[in-house]
Asker: 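Mind looking over this structure? Questions follow.
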Amino acid sequence: MLTTESLAKIDREVAKYPAAQKQSAVMGALRIAQQEKSWLSTDLIEFVANYLDIPPIAAYEVATFYNMYDLKPVGKFKITVCTNLPCALGGGVAAADYLKEKLNIGFGETTADGKFTLVEGECMGACGDAPVLLVNNHSMCSFMSKEAIDAKLAELDKLGN
Amino acid sequence: MAVFEKGVIFEGVDTADSSCWSLAAYQARGGYTALKKLIEAQTPQDEVIAEIKNSSLRGRGGAGFPTGLKWSFMPRSFPGDKYIVCNSDEGEPGTFKDRDIMWFNPHALIEGMIIAAYAMGVKRGYNYIHGEIFEVYERFETALDEARAAGLLGERILGSDFSFDLFAHHGYGAYICGEETALLESLEGKKGQPRFKPPFPASFGLYGKPTTINNTESFASVPFIIKDGASKFLEAGKPNNGGTKLFSISGHVNRPGNYEIPLGTPFATLLEMAGGMKDGKKLKAVIPGGSSAPILPGDVMMDLTMDYDAISKAGSMLGSGAVIVMNEDVCMVKALERLAYFYHEESCGQCTPCREGTGWLYRVIHRIENGLGRPDDLDLLTSVGNNMAGKTICALADAAVFPVRSFTKHFRSEFEYHIENKKCLVDHKWF
């Protein structure tokens, strides 16, 4: 279900923990699985659980508890924007409004071409860099003015073709 | 990412140099000499802990608990596995200091954790890193590889009998995991729901073994204390508030970012360092220690010094050192609504008063903000808050209640105006 490269990455996660504590690797393993498949289907979660020798429900509990795991398909680029108080004071809400307008979607929605999903995020621990966006969970973009958002969307749009 | 003023952790770090985080750069500025000194002199563990106690280093994650005392709780004669864990799950709105420590100076944290492991006789440690800063997590893993390759981690460190290994673990979007027992649950591969205390982690921690958990900034301060001495660290702050501290400034200032300054520095000085108020607007309010800390009016803040004791005397908390600055254009109802939503969203759902109470707080504040407030809503907020604070397993409920109490205390007229007139007292602008 996953490539040998992804499985090797999961093995490296497992090696970080004592031999009897493979469950500790579940967060990393689910993240690796999601990176490859873009979202976590129930089958994929079960596969990860079996790979780690833990009950599927244990992996499912983790996948549903932490909000960066996607349990439904998302666009090619998931853009998370922080609108928490410190970010709002630095333009986070304005950035979110601008993204909604540019992409013509609301929070939790995906553009018709399947390229972009917009998500409202909570504190990313980067308040001094507001407005802050996270692309596909891992790539943080700081000081996202309207111009910076325009440039970022154009760059991603090209990558998505 | 920006670090402006420098003290203990960032002294000598050229953040403009893209390789300032490497092992070579860290060693060039005296890194790992503290560890070498301990190992070569075979310094007794008690002496290391005494030195940390003498420095008056207090936990930098928010609680301000004396670090040396925490280390002394670890049962050193315990025969089985023991762990140290670093809490880098930095998600308290307003806080962004640990990210810069790990991005620009990860080896200070690694060396601090190795010294902690030496002092407490621990063989394995984990650094739990906030999932949203994944690039920082990847850099930290690279720094660990460098340390391992140089014989600073792993078996027989620097040829001694002391062995210790350290690994990075990432979160994936749950504020609650910054609570230390939720963090342990998460590290065990479970939902991050806090554990009932006691037993405390020092006796029943990771995998049920004795565990000491410290914040990133606390661990990263340790090499300085060992290298330059507790008294030099203490002198950098004020009595009972040792050292410099990183303050993360966000909101309406000209230069948001991290400032590492002596504890006891006047807030007015810090505000000036951060370039003063943006657009020359008037200071209205400050949250001095992260979103969970009670808000204080601007004029009160202007008379305070930035240290644990002074802020606490004024009725708030220094917390993690996250200073959120708001100008005269901010509607306090709207600001509180935003925070209330956050706590409602992040409650782990384990305890009923928190799961239900955070929803009540948010919905009541939301209706006040939207012109649907009722005359008794402020009393209702007080009543709901009283049924939450102190009635749950962890402090998230308290953290949700503190802002509600302090906002409605210091800016009561704005809330009353909103309820009566169905609109803001101020012409609200976020920025």
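Protein chains get the first letters and strands the later ones, always in sequence-line order, with residue 1 at the start of each. These numbers were taken from a predicted model, which means no experiment stands behind them.
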Asker: Of the backbone (N, CA, C, O) and the side chain (C-beta and beyond), which part of Leu187(B) lies under 4.5 Å from a heavy atom of chain A, both, or neither?
Answerer: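 Both parts, heavy atoms under 4.5 Å.
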
Asker: Does NZ belonging to Lys102(A) count more than 12 external heavy atoms closer than 6.0 Å?
Answerer: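 Yes, the 6.0 Å shell around NZ holds more than 12 heavy atoms from other groups.
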
Asker: Using the benzene-type ring in the case of Trp, are the ring centres of Tyr137(B) and His138(A) under 6.0 Å apart?
Answerer: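 Centroid separation for Tyr137(B) and His138(A): 6.0 Å or greater.
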
Asker: Quiz question: by atom type and distance under 3.5 Å, do the side chains of Asp150(A) and Tyr98(A) form a donor-acceptor pair?
Answerer: yes

Asker: Before we go on, tell me: are the rings of Tyr259(B) and Phe4(B) under 6.0 Å apart, centre to centre?
Answerer: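 Yes, the ring of Tyr259(B) comes within the 6.0 Å limit of the ring of Phe4(B), centre to centre.
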
Asker: So which of Ser186(B), Gly171(B), Ala335(B) has the largest heavy-atom pair count under 4.5 angstrom toward chain A?
Answerer: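 Top count of heavy-atom pairs under 4.5 Å with chain A: Ser186(B).
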
Asker: Looking at Met326(B), Arg124(B), Glu346(B), Glu90(B), which makes the most heavy-atom pairs under 4.5 Å with chain A?
Answerer: Arg124(B)

Asker: Side chain, backbone, both or neither: which part of Cys177(B) has an atom under 4.5 Å from a heavy atom of chain A?
Answerer: side chain

Asker: Do Phe140(B) and Ile110(B) make a side-chain contact, defined as non-hydrogen atoms from C-beta onward lying under 4.5 Å apart?
Answerer: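 Side chain of Phe140(B) against side chain of Ile110(B), heavy atoms only: contact under 4.5 Å found.
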
Asker: Starting from the C-alpha separation in whole Å, work towards a yes-or-no answer on salt bridge (Lys or Arg N to Asp or Glu O under 4.0 Å) for Lys281(B) and Glu328(B).
Answerer: CA-CA 7 Å; Lys281(B) 297 263 182 184; Glu328(B) 55 193 323; 5.1 Å; no

Asker: Answer yes or no on whether Arg31(A) is positioned over the face of Tyr172(B), meaning its NZ or CZ is under 6.0 Å from the six-membered ring centre and within 45° of the axis.
Answerer: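 No, Arg31(A) and Tyr172(B) do not form such a contact.
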
Asker: For Arg148(B) and Asp145(B), what are the C-alpha separation, side-chain angles and deciding distance, and is it a salt bridge (Lys or Arg N to Asp or Glu O under 4.0 Å)?
Answerer: CA-CA 5 Å; Arg148(B) 216 168 273 128; Asp145(B) 289 342; 3.3 Å; yes

Asker: Leu336(B) versus chain A, heavy atoms under 4.5 Å apart: side chain, backbone, both or neither?
Answerer: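 Answer is neither: Leu336(B) stays 4.5 Å or more from chain A.
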
Asker: Under 4.5 Å, counting heavy-atom pairs only, tell me which of Val62(A), Val26(A), Thr83(A), Leu52(A) racks up the most with chain B.
Answerer: Thr83(A)

Asker: Heavy-atom cut-off 4.5 Å, strictly under: side chain, backbone, both or neither for Leu134(A) against chain B?
Answerer: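 Interface part for Leu134(A): side chain.
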
Asker: Given heavy-atom pairs under 4.5 angstrom as the criterion, report whether the side chain, backbone, both or neither of Ser139(A) touches chain B.
Answerer: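 Interface part for Ser139(A): both.
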
Asker: Do Cys331(B) and Glu369(B) touch side chain to side chain, with heavy atoms closer than 4.5 Å?
Answerer: yes

Asker: Heavy-atom distances under 4.5 Å only: say whether Val325(B) touches chain A with side chain, backbone, both or neither.
Answerer: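 Contact with chain A involves the backbone of Val325(B) alone.
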
Asker: May I ask you to name which of Tyr207(B), Phe342(B), Tyr175(B), Tyr341(B) has the most heavy-atom pairs under 4.5 Å with chain A?
Answerer: Tyr207(B)

Asker: Considering only heavy atoms, which portion of Ser291(B) lies under 4.5 Å from any heavy atom of chain A: side chain, backbone, both, or neither?
Answerer: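 Neither part.
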
Asker: Identify which part of Glu185(B) has an atom lying under 4.5 Å from any heavy atom of chain A, answering side chain, backbone, both or neither.
Answerer: neither

Asker: Quick one: what part of Phe167(B) sits under 4.5 Å from any heavy atom of chain A, side chain, backbone, both or neither?
Answerer: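 Just its side chain gets close to chain A.
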
Asker: Identify which of His170(B), His130(B), His252(B) forms the greatest number of heavy-atom pairs closer than 4.5 Å to chain A.
Answerer: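 Option with the greatest count: His170(B).
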
Asker: Flag the one option from Ala130(A), Gly28(A), Pro18(A) with the top tally of heavy-atom pairs under 4.5 Å to chain B.
Answerer: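 Looking at each of Ala130(A), Gly28(A), Pro18(A) in turn, Pro18(A) comes out on top.
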
Asker: Does Val136(B) reach the side chain of Asp98(B), with side-chain heavy atoms less than 4.5 Å apart?
Answerer: no

Asker: Tell me, side chain or backbone of Thr80(A) under 4.5 Å from chain B's heavy atoms, or both, or neither?
Answerer: neither

